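Letters go in sequence order (proteins before strands), and every chain restarts at 1. Not measured: the values here are computed from a predicted model.
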Number of protein chains: 2
Amino acid sequence: MPDLLTIGELSARSGAAPSALRYYERLGLIRADRTGGNQRRYARAELRRVAFIRISQQVGVSLDEIREALDSLPEARTPSPQDWARLSASWRSRLDERIRLLSRLRDDLDGCIGCGCLSLQRCTLNNPGDTLAGEGPGARLVLPRPTDAPTPARSLG
Amino acid sequence: MPDLLTIGELSARSGAAPSALRYYERLGLIRADRTGGNQRRYARAELRRVAFIRISQQVGVSLDEIREALDSLPEARTPSPQDWARLSASWRSRLDERIRLLSRLRDDLDGCIGCGCLSLQRCTLNNPGDTLAGEGPGARLVLPRPTDAPTPARSLG
DNA sequence: CCTTGAGTTGAAGTGCACTTCAACTCAGAG
DNA sequence: CTCTGAGTTGAAGTGCACTTCAACTCAAGG
């Protein structure tokens with residue numbers, strides 16, 4: 001009844017490349033049994049883990065953080081729907097925050113950059129308060145400084 | 001009246017590190033005049049370009065695409081508000097799409113992963129139609145294959 | 001004039017998330 | 001038994017967006 005999956009099957013089902021699955025295993029995100037011939041065999045529960053990994057990435061979570069989340073799952077038993085619900089919920093506020101920021105950015109694109117005032121006064125993208133007061137005069141983007149944000153931004157769901 | 005900015009000043013105003021500004025220059029995203037002593041001096045218009053770059057990154061656009069967009073600006077004159085409005089508008093649909101996908105993901109987090117059915121049947125995160133029919137049985141995540149998406153997903157506003 | 005902070009360069013390094021490679025073995029069909 | 005496609009490994013490579021470094025020069029105040 002275990003009904004084990006080969007790496008190729010797990011790859012096809014999860015959408016992750018075999019090389020990515022091996023990489024996840026190295027990082028401790030998933031695990032596999034081995035056949036007598038040293039080939040990986042995945043329990044069906046691993047499929048759910050990979051699904052969680054890929055969805056979490058869409059939310060903008062790093063593999064390191066995903067690993068921490070997965071580490072909080074019970075090791076003794078197969079994680080229950082409630083276990084997964086708890087993990088998923090933990091990304092929820094993050095997702096909300098990201099949606100909120102993007103929505104605000106969209107509004108600003110219409111109302112501020114759209115009008116060409118980009119980086120000038122009275123723009124919502126500029127410092128509206130005085131949080132940067134004392135650092136000298138002049139308008140500043142409200143975007144986080146490099147020290148605050150890991151910055152790298154590639155195409156993301 | 002040029003009122004030129006040093007790299008330090010542009011950095012402070014734009015939120016981009018000096019090393020990032022030099023990097024943008026190497027990629028042809030911004031330009032700088034030089035003093036007799038070979039130091040960079042930026043026209044105020046460059047501030048707007050850097051603002052556009054950083055905002056575009058928030059939208060999830062690569063520097064390469066941003067360069068292409070900036071290349072479409074008139075070289076002869078200082079870009080007008082209309083020019084910026086046009087560029088900004090070109091990201092709009094992208095931003096909308098990203099917000100839409102994230103919103104859908106949030107709904108799925110509540111309705112599908114939240115219930116623990118992750119990667120199983122009747123889940124909106126699974127193939128709802130038959131776009132993958134013929135590739136064998138079994139549920140599949142709807143997330144794009146590695147070949148379709150550059151994948152890397154770090155924290156992103 | 002001296003000092004100090006800000007700026008200059010090319011080359012190399014970083015971090016993440018993988019992918020590719022070469023050289024090899026395994027598993028299942030015929 | 002043979003063939004082929006799928007799997008194995010560690011090491012190295014990739015792509016993006018930068019950062020860091022060493023060694024140096026410049027600019028401005030005292």
Here the distance between atom P of D/dA17 and atom CZ of B/Arg26, to the nearest Å, is 13 Å
Review point. Can you check whether A/Trp91 reaches A/Ile55 side chain to side chain, under 4.5 Å on heavy atoms?
Key: no
Residues passing the side-chain contact (heavy atoms from CB on, under 4.5 Å) test with B/Asp83, sequence neighbours excluded, are B/Leu73, B/Pro74, B/Arg77, B/Pro79, B/Ser80, B/Arg86
From CG of B/Asp33 across to C1' of C/dG7 the rounded distance in Å is 16 Å
From CD of B/Glu65 across to C1' of D/dG15 the rounded distance in Å is 14 Å
*At under 4.0 Å, does any side-chain N or O of A/Arg40 touch on OP1 or OP2 of D/dT8?*
yes
Are OP1 or OP2 of C/dA17 and a side-chain N or O of A/Tyr24 less than 4.0 angstrom apart? no
Item to complete: May I ask you to evaluate whether B/Arg54 reaches the phosphate of D/dC18, defined as a side-chain N or O under 4.0 Å from OP1 or OP2?
Response: no
**Message:** Do A/Arg40 and A/Asp33 have side chains that approach each other closer than 4.5 Å (heavy atoms only, starting at C-beta)?
**Reply:** no
In whole angstroms, the gap separating C1' of D/dT19 from CD1 of B/Ile7 amounts to 13 Å
Exercise for review: Start with the C-alpha gap between A/Arg67 and A/Glu25, add the side-chain angles, then the distance that decides, and say whether salt bridge (Lys or Arg N to Asp or Glu O under 4.0 Å) holds.
Suggested key: CA-CA 10 Å; A/Arg67 187 188 45 69; A/Glu25 186 176 334; over 6 Å; no
Quick note, A/Ala17 side chain, CB onward, closest among D/dC18, C/dT8, C/dT19 is C/dT19
B/Glu25 CD to D/dC18 P, in whole Å, measures 15 Å
Does A/Leu102 reach the side chain of B/Arg98, with side-chain heavy atoms less than 4.5 Å apart? yes
Check: So, are B/Arg94 and B/Glu65 salt-bridged, with charged N and O less than 4.0 Å apart?
Finding: yes
Here the distance between atom C1' of D/dC18 and atom CD1 of B/Ile66, to the nearest Å, is 14 Å
Atom CG of B/Leu27 and atom P of D/dA17 are separated, to the nearest Å, by 8 Å
Of C/dT9, C/dC18, D/dA17, the nucleotide closest to the side chain of B/Tyr23 is D/dA17
By side-chain contact (heavy atoms from CB on, under 4.5 Å), A/Thr78 pairs with (sequence neighbours left out) A/Ala45
note: B/Leu29, atom CG; D/dA17, atom P; distance rounded to Å ~ 9 Å
5' to 3', nucleotides 20-30 of chain C under a 4.0 Å protein heavy-atom cut-off (B base, S sugar-phosphate only, - none) gives B-----SS---
